[in-house]
Protein chains: 4
Amino acid sequence: MPGPAEIVDKRVERSKAAVLAETYRQLTETGIGGLSIDEVSRRSGVSKATIYRHWPSRSALLLDACSRLGGAADVPDTGDFQDDLLGLARGLADQLRTAAWTSVYPSIIDAAERDPEIAAMQSALHSGWMKPFAIVAERAKARGEAPAGLSAPVLTAAIVGPLFYRRWFSKEEIDDRFVTAVTETAVAAMARQTP
Amino acid sequence: MPGPAEIVDKRVERSKAAVLAETYRQLTETGIGGLSIDEVSRRSGVSKATIYRHWPSRSALLLDACSRLGGAADVPDTGDFQDDLLGLARGLADQLRTAAWTSVYPSIIDAAERDPEIAAMQSALHSGWMKPFAIVAERAKARGEAPAGLSAPVLTAAIVGPLFYRRWFSKEEIDDRFVTAVTETAVAAMARQTP
Amino acid sequence: MPGPAEIVDKRVERSKAAVLAETYRQLTETGIGGLSIDEVSRRSGVSKATIYRHWPSRSALLLDACSRLGGAADVPDTGDFQDDLLGLARGLADQLRTAAWTSVYPSIIDAAERDPEIAAMQSALHSGWMKPFAIVAERAKARGEAPAGLSAPVLTAAIVGPLFYRRWFSKEEIDDRFVTAVTETAVAAMARQTP
Amino acid sequence: MPGPAEIVDKRVERSKAAVLAETYRQLTETGIGGLSIDEVSRRSGVSKATIYRHWPSRSALLLDACSRLGGAADVPDTGDFQDDLLGLARGLADQLRTAAWTSVYPSIIDAAERDPEIAAMQSALHSGWMKPFAIVAERAKARGEAPAGLSAPVLTAAIVGPLFYRRWFSKEEIDDRFVTAVTETAVAAMARQTP
DNA sequence: CAGTAAACGAGACGGTACGTCCCGTCTTATG
DNA sequence: CATAAGACGGGACGTACCGTCTCGTTTACTG
């Protein structure tokens, strides 16, 4: 039973879609700094006036376009904690090696340093991506595989941290050996926490 | 007998210093994206022509200014591998909590995605910062405390990765408990590698 | 039984009236250059689509609104040529000192330089305003007070010209002394023409 | 002995000249309302930034360009008042028939209705053009040909008013017969003033 | 210690992007 | 079917910064 508030002009949807698509394209090519509204307008065929009609500022458009980056991964459920984590880590590693958004994300991290709105968006984005780790941890606790006191954030940091580090900071290869090592380390450490 | 190449006009040094100082100031305030040569010129009192005389482009100036970020930390030498690593991790955590350069670094990481020169600079910066980890690992190996096959990069990733992750991605507190946990985990994992 | 051409929707009349009123208001306030259809729409409550349905262009609306400027003065008939002219001159002088349309008229004169339609409208407007001079001249000729060969346009130019000149060009006061002098000069000149 | 204040960058002079020339061209073609800075920039090859560097606003450029309209006519000195006036009237009539500035002047008159700065500029322009009438009147007074009490403004209005009226309002031909009639009327009226 | 070469500040210049406003056309939903 | 509401592409507005350029004027070294 859709309310009347949901009725939107088709033209609006068309314009918005065209702008977001072109924005996304430019973002992955040049990062936030290289995004130009004039260029988006030119290449999407949508006039600047229309763009500013739908997004009050460059930042707003950025926000909107960025928040559509990277869809949610599906959460593995193998029945074994380490296997679940390995699945998540491999999935993330895959993304880090190939996905277009990985070249934009540093722009967001950078902008978040100074723009609270972008910081909020980054936080939401990050939460979405990290939720699967919390979920598999919860399941493992329920199964008694993981100690009840296990800190999901610490576990996440132990796995995601090294992967991110390789992608953006050290720029070394993220091969399966590395992914496996990182995951095993994290699991072993967890075990150590509860003798 | 100093070669003529080393003779530099005092005025040149003065100009360069003023420009770099102002660039650094602006960089930490607004990031790479907010840096304006016009503004640097205005506030440093050095004319744009002079700036472009010394640095061929905005990027070159950026490079020069950024490469002065974060001085080299001194390498701890307690005689115990884990203590050395803990010292390094604590030092890094301290920096991540307080140093001005931490708000600029994402700008560099971002720019490095698209600019090979900046990528090279980032790589050099990174190597400098990470070298202490390699050094203490080397010493530990010499002492027989660490296995000869220990991979310093993997060890580094295990410690630095989670710290960076907290500073820029999850934005959770980097308290001493976390630093300790991260370090211990890394050391334990290393031990596991060589039964 | 009125023909169908004469049946006009009441709503149409309402819209037209509201638009013309607002257009006139804006015209006298800001001149032709300052007239904005968007603003007329906003303040009259009539949508832009409706405005463009009734007038094909900005110019057409302008034309319509301007052609309602300055109603026809009544023609004096004192029985004396000079008194009639003085009456007309005084009436005109009054208008030039106080009427709102005097601040719009230069806009029309300007636009007429380049837009033939506006030129035609200006010509019609002008004819209407100048007709009284021709009428009193005609009456004077009939009474034998004025020579049959008297050129009404020349007479009109001699009286209206100086008045307009003061209002828009020299911007000097148009007091009664001036109006009287101008009229008397014109009449005297006419007398001189036919000894 | 030119002061150092008069030293102007050649580039500035070049830019200013190009902009003023193009502005003048556009002005005579389209009037004030049709003048576009973007278009001036495009056709003159001078960037908008440079234009705004030299003139703070569209109005300022307008002012500058307009104030160069119509050079000063030379003042006739035949020794006979009526002949002098006839010379001036004929010169003006010539201009009104042919000069490019006559199509711009209504724009100025219009703008002057609402913009005090343009009003001041118009006033200055007007004074310059009307001064010759005051000069020949002065000379005539000195020769005793004209009464000492003769009002130059009234005389000017009597001659210039009808000419302007024909050019912009009635749009009738300004032939020599008309010019002669207007001048003679004015002179005769003046004579009448002093019995 | 005068002469000269460089380094300099000041700022003009052509470009490009910004975000805003208005034009005249159009589409949609309401009465 | 006329209307109000308002989206749309186009294009001008005035501002800011880019990287290049031309000026005269210091300033430091060299002969």
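Note on naming: letters A, B, ... go to the chains in the order of the sequence lines (proteins, then strands), and numbering restarts at 1 for each one.
- Taking CD1 from I51(B) and OG from S41(B), the interatomic distance works out to 5.0 Å, rounded to the nearest 0.5 Å.
- We find that R42(C) and E39(C) are joined by a salt bridge, their nearest charged nitrogen and carboxylate oxygen being less than 4.0 Å apart.
- Among the protein residues, L35(C) comes within range of the sugar-phosphate backbone only, with heavy atoms under 4.0 Å from sugar or phosphate atoms but none that close to a base.
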What's touching nucleotides 25-28 of chain F from the protein side, N or O pairs under 3.5 Å?
from, atom 1, to, atom 2, distance (Å)
dT27(F), O2, R11(B), NH1, 3.3

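- Here I32(B) contributes atom CD1 and I108(B) contributes atom CD1; the two are 5.5 Å apart, rounded to the nearest 0.5 Å.
- Of the residues in residues 38-53 of chain B, those with a non-hydrogen atom less than 4.0 angstrom from any atom of DNA chain F are D38(B), R42(B), K48(B), A49(B), Y52(B).
- Qualifying side-chain contact (heavy atoms from CB on, under 4.5 Å) partners for D115(D), counting only residues two or more places apart in sequence or in other chains: S59(D), E117(D), I118(D).
- Sequence neighbours left out, the pairs with a member in residues 104-113 of chain C that pass side chain to side chain donor-acceptor pair (under 3.5 Å) are Y105(C)-Q122(C), S107(C)-D110(D), D110(C)-R114(C), D110(C)-S107(D), E113(C)-R167(D).
- Backbone-only contact: S15(B) has heavy atoms under 4.0 Å from sugar-phosphate atoms and none from a base.
- Rounded to a whole Å, the CD atom of E13(D) is 13 Å from the P atom of dC23(F).
- Rounded to a whole Å, the CH2 atom of W55(C) is 14 Å from the C1' atom of dT3(F).
- A salt bridge links E22(A) with R25(A): the closest approach of a Lys/Arg side-chain nitrogen to an acidic carboxylate oxygen falls below 4.0 angstrom.
- Legend: residues meeting side-chain contact (heavy atoms from CB on, under 4.5 Å) with A120(B), ordered by chain and number and at least two apart, are absent.
- With sequence neighbours excluded, the residues that form a side-chain contact (heavy atoms from CB on, under 4.5 Å) with A100(D) are Y24(D), T28(D).
- Distances shorter than 4.0 Å separate some side-chain N or O of H54(C) from OP1 or OP2 on dT3(F).
- As a whole-Å value, the separation of I37(D) CD1 from dC21(E) C1' is 16 Å.
- Of the residues near DNA chain E, V12(D) and R58(A), the one whose nearest nucleotide (by heavy atom distance) lies more toward the 5' end is V12(D).
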